[in-house]
Number of protein chains: 2
Amino acid sequence: MLHHLIRKLEHFTRLSDDDKAVLQGLSRTVRLLEPGADIIREGDSPEHVNLFLDGWASRYKQLEDGRRQIMSFFVPGDLCDLHVFILREMDHAIAAITPVRLVQVPREVLLGLMDRHPRITRALWWETLVNAAIQREWTVNLGRRTALERLAHLFCELFIRLRAIGLTDGNTCAFPITQLELADATGLTSVHVNRTLKEMRAAGLIILKGRQLTVPDLAALRKAALFNPNYLHLERDGAHLSANA
Amino acid sequence: MLHHLIRKLEHFTRLSDDDKAVLQGLSRTVRLLEPGADIIREGDSPEHVNLFLDGWASRYKQLEDGRRQIMSFFVPGDLCDLHVFILREMDHAIAAITPVRLVQVPREVLLGLMDRHPRITRALWWETLVNAAIQREWTVNLGRRTALERLAHLFCELFIRLRAIGLTDGNTCAFPITQLELADATGLTSVHVNRTLKEMRAAGLIILKGRQLTVPDLAALRKAALFNPNYLHLERDGAHLSANA
DNA sequence: CGCACGATTGATTAGGGTCAATAATGGTGG
DNA sequence: CCACCATTATTGACCCTAATCAATCGTGCG
């Protein structure tokens, strides 16, 4: 059930069978959500950590006047912040984009696990640091890249993240994001996203239709995006640390 | 020596005298840096956690073609990510803006401290979560706010962060940031920052000169920025948690 | 005193936004 | 199976915010 998370964590460190069993054991209370449903709302009290098993979701904020910014996308195997339950209330919302299946890991369960399984703990911290790095890269994306570069960068990032958990098929992956959502994630309008996608298709950078993304030439897309994958810290970063607990 | 960090953490939870003494004990190897000096560079191996005692610094990334984005500002009492040393190499750089005094907390020292002092640990996690929230808010800032709103928001955030650690004097605080740096933080050009500052001064929103910022009417500035301070999670959030270890 | 860096201003351009209409798509119920 | 409705995608015309290019002016400081 948790193979996506496990597969992702193994990009950082090797996990023992016991580690994996412990992680599997997390999937007790599975929650199902329909597209568009709020998983958690601004102002809610976070009681547990959400672990996404299936489906896509977005983390977003809405300004008083309606302007909306998507701050991150969740895909299978993703985890919202490790210790959210420390905070009194959510400063943003998370909504399902597709049907979503997730586990709500209670505070005590997570803390207990981190007490007893240092290797998992370290891998989860890696996950947390990578998420922070992704958030920083989005800052760069919004602050210093052009419309085409922003979209290309987002496609690169998501394609590589999905590939890392085995959710790509050759150079194709699911991509259930509307142009309005792309706009809200890249700081553009949906009209301009549409025009930029047209340009990208004409340049042969992407094939995007029917909720599917195909990247005919990843190197070209990376170049167009000024994409440097170092911030994803894949490639078994943990190799420099002891393999023992 | 560490009063800024301690004062900040106390916005989240009450610390015992022992807790404070332990934190004070961190300031062993103090490092001094000149303005403009790199504290850590992209590609470097992070060996410890940096704790800023004095001075301002910026976390930034530079694209191949020279475009630069500042992703965050460090002020006294700030801490770079708790577990950076888990990663193999830095995906960004940190540079001193003013003369900087910082402590490099070695990995073992930090882990040991977290083992033995759960209340401090929880406070440090709060710090980490707040930093993540700030990074997300910057995403919103760059993605969905106008030039004036972005600058106003940045001024609000920094003023409130500084006030939280006692580094404001009435409605005035130090502000050693050049217009070029403001531009790199807000995704604008320095020319446009200059024009926007002029507009803000004319509107009576700020007084900015001689590396000093005065906010004559914080409510007005907040309004102009669409600033909602909830993401800073001040106001003793930890009150809902047990005061015992 | 002069030099560098930062601030300021003007003129012009361009990337992306706004407004508005139309065309596809896809799910639903009869 | 098909008509219908609601999203989502696409396109055109026009506008505006912020970028670019290029001087000039301050000012702290060695």
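Within every chain, numbering begins at 1; the chains are lettered A, B, ... in the order of the sequence lines, protein sequences first and strands thereafter. Please read these numbers as outputs of a predicted model, since none were measured by experiment.
Atom P of nucleotide C:dG16 and atom CG of A:Leu142 are separated by 12 Å, given to the nearest angstrom. At whole-Å resolution of the value, CG in B:Leu148 and P in D:dT17 are 12 Å apart. Distance, B:Glu199 CD to D:dA18 C1': 12 Å, rounded to whole Å. Atom C1' of nucleotide D:dT11 and atom CG of A:Leu197 are separated by 14 Å, given to the nearest angstrom. The interatomic distance linking A:Leu180 (CG) with C:dG17 (C1') rounds to 14 Å, in whole Å. The CD1-P distance, from B:Ile97 to C:dG6, rounds to 12 Å in whole Å. Between the CG atom of B:Leu151 and the P atom of D:dT17 there is a distance of 16 Å, given to the nearest Å. When rounded to the nearest whole Å, the span between CG of A:Asp184 and P of D:dA9 equals 12 Å.
Relative ring orientation between B:Phe227 and B:His153 is described as tilted, the plane-to-plane angle lying within the 30° to 60° band.
There is a side-chain donor-acceptor pair under 3.5 Å between A:Glu127 and A:Asn131. Defined by atom type and a distance below 3.5 Å, a donor-acceptor pair is present between the side-chain atoms of B:Thr139 and A:Gln135. Between the side chains of A:Asn141 and A:Glu157, no donor-acceptor pair of N or O atoms lies under 3.5 Å.
Taking every side-chain heavy atom of B:Asn194 into account, C:dA7 is the closest of C:dG16, D:dA19, C:dA7. Picking from D:dT11, C:dG16, D:dA19 the nucleotide with the shortest atom distance to the side chain of A:Lys198 gives D:dT11. With distances taken from any side-chain atom of A:Thr189 to the nucleotides C:dG16, C:dG17, D:dT20, the minimum falls on C:dG17.
No hydrogens or angles were tested; on distance alone, a donor-acceptor pair under 3.5 Å links the side chain of B:Arg195 to the base of C:dG10.
Looking at heavy-atom distances under 4.0 Å, A:Leu188 makes contact with sugar-phosphate atoms alone, never a base. Contact annotation for B:Arg150: no contact, since no heavy-atom pair falls under 4.0 Å across all strands. A:Arg201 comes within contact range of the sugar-phosphate backbone alone, with a heavy-atom separation under 4.0 Å but no base atom that close. B:Gly36 comes within contact range of no nucleotide atom at all, as no heavy-atom separation falls under 4.0 Å. Contact annotation for B:Thr196: no contact, since no heavy-atom pair falls under 4.0 Å across all strands. Here A:Thr178 lies in heavy-atom contact (under 4.0 Å) with sugar-phosphate atoms only. Across all strands shown, B:Ser190 has no heavy atoms under 4.0 Å from either base or sugar-phosphate atoms. At a threshold of 4.0 angstrom between heavy atoms, the contacts of A:Arg144 with the nucleic acid are absent.
Of the two residues contacting DNA chain C, namely B:Val191 and A:His192, the nearest-nucleotide position lying further toward the 5' end is that of B:Val191.
Put simply, A:Arg211 has a side-chain N or O that comes within less than 4.0 Å of OP1 or OP2 on D:dA9.
No more than 12 heavy atoms of other residues, nucleotides or ligands shown are found within 6.0 angstrom of CG on B:Asp169.
For the pair B:Leu226 and B:Arg145, the tightest heavy-atom approach, listed with the atom from each and the gap, is O-NH1, 3.0 Å.
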